[in-house]
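Because only heavy atoms are used, hydrogens play no part in the values below, and waters and symmetry mates are left out as well, while side chains stay in. We count ligands from 1, going down the list as the structure has it; atoms in each ligand are counted the same way.
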Amino acid sequence: MTKWAVVTGAAHGIGAVIAEHAVKEGYRVAAWDVDGPAVEQTARDIGEACVGSAVDVSDEEAVREAAARLPQAPHLVVNNAGIVRFGPLLDLPVTEWEAALRVNLTGTFLVARTLAKVMAEAGGGAIVNLASINGIAAAPHAGAYSASKAGVVRLTEHMAMEWARHGIRVNCVAPGLIHAGMSDAIYADPEVRRVREGAVPLGRLGSAEDIAAAVLFLGSEKSAYVSGQTLAVDGGLIKSTLASLPRPASVDSVGFAEA
Ligand SMILES: NC(=O)c1ccc[n+]([C@@H]2O[C@H](COP(=O)([O-])OP(=O)(O)OC[C@H]3O[C@@H](n4cnc5c(N)ncnc54)[C@H](O)[C@@H]3O)[C@@H](O)[C@H]2O)c1
C-alpha cells in the first residue's frame with residue numbers, strides 16, 4: 001500500500017531532509033512550502049516519489065486546496081514550516097510578533113486540522129509538529145518565537161487528546177542547537193559556535209538528520225503507543241540547565257561530606 005506523507009516547509013533546511021528521509025523510508029511525499037520554485041526544485045532533487053507545491057501554511061484556503069489535491073489521505077503529516085523573529089520584547093514591532101505566531105502556531109493548526117479530517121475518515125495516522133527548545137525555555141530576544149513554539153507544544157497535547165479517538169497520534173519534536181536551516185547564520189561565527197557546542201552535554205551541535213530520525217520514529221509504528229509528547233532532540237541541553245552551577249567540594253560527594 002502506498003503511504004503518503006505531507007511535509008511543510010520542505011524547500012530548505014530541516015524540512016528538505018525530513019522529506020528525503022521519508023522517501024527513503026518508503027513514503028511518497030507531498031512537499032509544501034511558501035517558496036514554490038524552491039520546493040519544486042528540492043522535490044526534483046529528492047526524486048519522483050516527492051512532489052513539491054507552493055502552499056502558504058498560514059493561508060487556510062491554500063491549505064484546503066493543497067489537501068484536496070492529495071491523491072489519498074496522508075499517513076504522516078509533518079508541520080515543519082517555521083520562521084524566526086528575534087528582538088527584545090520592549091521594542092518588537094507587533095507585525096513581527098504576529099508573523100511568528102501566524103506561521104508557526106496558526107500554520108500548524110490549519111494544516112493539522114485540515115488533514116486530520118481526511119486522516120480520520122481514512123482510519124487515522126500520525127502528525128508530528130516541530131517546536132523548539134525555545135518553546136520549553138526562555139532565551140534572549142526570542143520572545144515571539146518562543147511563545148509561538150510553546151503554543152505548538154501545548155496545541156500538540158490538545159490535538160493528541162481530541163483526535164486519539166480517530167486513530168491519530170500527535171507528537172512534537174523540539175530541536176535544540178541545530179547546524180542547519182535558519183541557524184546556519186549563527187554558526188558562521190566560530191566563537192559563538194564553540195560556546196554553544198560547549199553547552200551541549202553530548203558535545204556537538206545537532207544535524208537535520210538527527211531531527212529527521214526523531215520525526216520518522218514518531219511517525220512510525222515503532223511509536224504506536226506514544227501520543228501527546230514533546231521529544232527534545234538536543235544532546236541533553238534542556239535537561240542540563242543546572243550544569244554550570246558550582247557546589248563547594250566539601251558537600252559535593254556521595255553520602256556525607258568528609259571532615
Ligand atoms: N535550525 C534550527 O536550529 C532549529 C532549531 C529549533 C527548531 N527549528 C524548527 O525547525 C523547523 C525548520 O527550521 P529550519 O531551520 O529548517 O528553517 P529554514 O528557514 O531553513 O526552513 C523553513 C522553511 O519553511 C518555509 N516557510 C516559511 N514560512 C512558510 C509558510 N508560511 N508556509 C509554508 N512554508 C513556509 C521556508 O520557505 C523554509 O523552506 C522550523 O519550524 C524551526 O522553527 C529549527
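When only non-hydrogen protein atoms are considered, atom 19 (O) of ligand 1 lies nearest to M182 CB, 3.9 Å. Among all protein heavy atoms, the one lying closest to atom 25 (C) of ligand 1 is D33 OD2, 3.3 Å. Of the protein's non-hydrogen atoms, the one nearest atom 3 (O) of ligand 1 is S183 OG, 2.5 Å. Atom 20 (O) of ligand 1 has as its closest protein heavy atom G181 CA, 3.2 Å.
Nearest to atom 7 (C) of ligand 1 by heavy-atom distance, out of S148, G206, A131, A99, is A131. Residue I14 holds the heavy atom nearest to atom 44 (C) of ligand 1 of all those in I14, N134, V34. The closest non-hydrogen atom to atom 22 (C) of ligand 1, taken over G82, P175, A54, comes from G82. Counting heavy atoms only, A180 comes closest to atom 1 (N) of ligand 1 of the residues A180, A81, G9.
A distance-only check finds no donor-acceptor pair linking the side chain of S146 to the backbone of G135 [under 3.5 Å]. Side-chain N or O atoms of K222 include none that pairs as donor or acceptor with a backbone N or O of L216 at under 3.5 Å. The main-chain N or O of V34 is never found under 3.5 Å from a side-chain atom of D56 such that the two would form a donor-acceptor pair. A distance-only check finds no donor-acceptor pair linking the side chain of T230 to the backbone of C172 [under 3.5 Å].
Ligand 1 is approached by K149 to a heavy-atom distance shorter than 4.0 Å. Taking a 4.0 Å cut-off on heavy atoms, W32 fails to register as neighbouring ligand 1. Residue contact annotation: T8 has no non-hydrogen atom under 4.0 Å from ligand 1.
Ion pairing between E221 and R169 fails under the 4.0 Å rule for side-chain N and carboxylate O. Using a 4.0 Å cut-off between charged nitrogen and carboxylate oxygen, R194 and E197 do not count as a salt-bridge pair.
Residue-ligand proximity, A11 to ligand 1, at heavy-atom distances under 4.0 Å covers atoms 39 (O). Numbered from 1 in the order shown, with element, the atoms of ligand 1 that lie under 4.0 Å from a heavy atom of D56 read 30 (C), 31 (N), 32 (N). Close approach of ligand 1 to G176 is summarised as follows: ligand atoms under 4.0 Å from at least one heavy atom of the residue are 5 (C). Atom numbering of ligand 1 starts at 1 in the shown order; those under 4.0 Å from a heavy atom of I83 are 27 (C), 28 (N). Close approach to G13 involves these atoms of ligand 1, each under 4.0 Å from a residue heavy atom: 16 (O), 20 (O). Within ligand 1, counting atoms from 1 as listed, the ones closer than 4.0 Å to a heavy atom of N80 are 10 (O), 11 (C), 12 (C), 40 (C), 41 (O). Atoms of ligand 1 found under 4.0 Å from any heavy atom of Y145 (numbered from 1 in listed order, with element): 6 (C), 7 (C), 8 (N), 9 (C), 42 (C), 43 (O). Each of the following atoms of ligand 1 lies closer than 4.0 Å to a heavy atom of H12: 20 (O), 38 (C), 39 (O).
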*Can D210 and S207 be said to form a side-chain hydrogen bond (donor to acceptor under 3.5 Å, both in side chains), step by step?*
CA-CA 5 Å; D210 290 322; S207 65; 3.2 Å; yes
*Can R193 and H179 be said to form a side-chain hydrogen bond (donor to acceptor under 3.5 Å, both in side chains), step by step?*
CA-CA 9 Å; R193 179 179 176 144; H179 193 181; 3.2 Å; yes
_With side-chain hydrogen bond (donor to acceptor under 3.5 Å, both in side chains) as the criterion, how do S148 and N104 come out once you've worked through the C-alpha distance, each side chain's angles and the decisive distance to 0.1 Å?_
CA-CA 6 Å; S148 73; N104 299 349; 3.0 Å; yes
*Assess whether side-chain hydrogen bond (donor to acceptor under 3.5 Å, both in side chains) is satisfied between T8 and N80, documenting all intermediate values.*
CA-CA 5 Å; T8 71; N80 165 83; 5.4 Å; no
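The neighbour count for R44 CZ, taken as heavy atoms of other residues, nucleotides or ligands under 6.0 Å away, is above 12.
Across all non-hydrogen atoms, the minimal contact from A31 to V39 is O-CG2, 3.6 Å.
Here's the thing with V57: one of its N/O atoms is less than 3.5 angstrom from an N/O atom of ligand 1.
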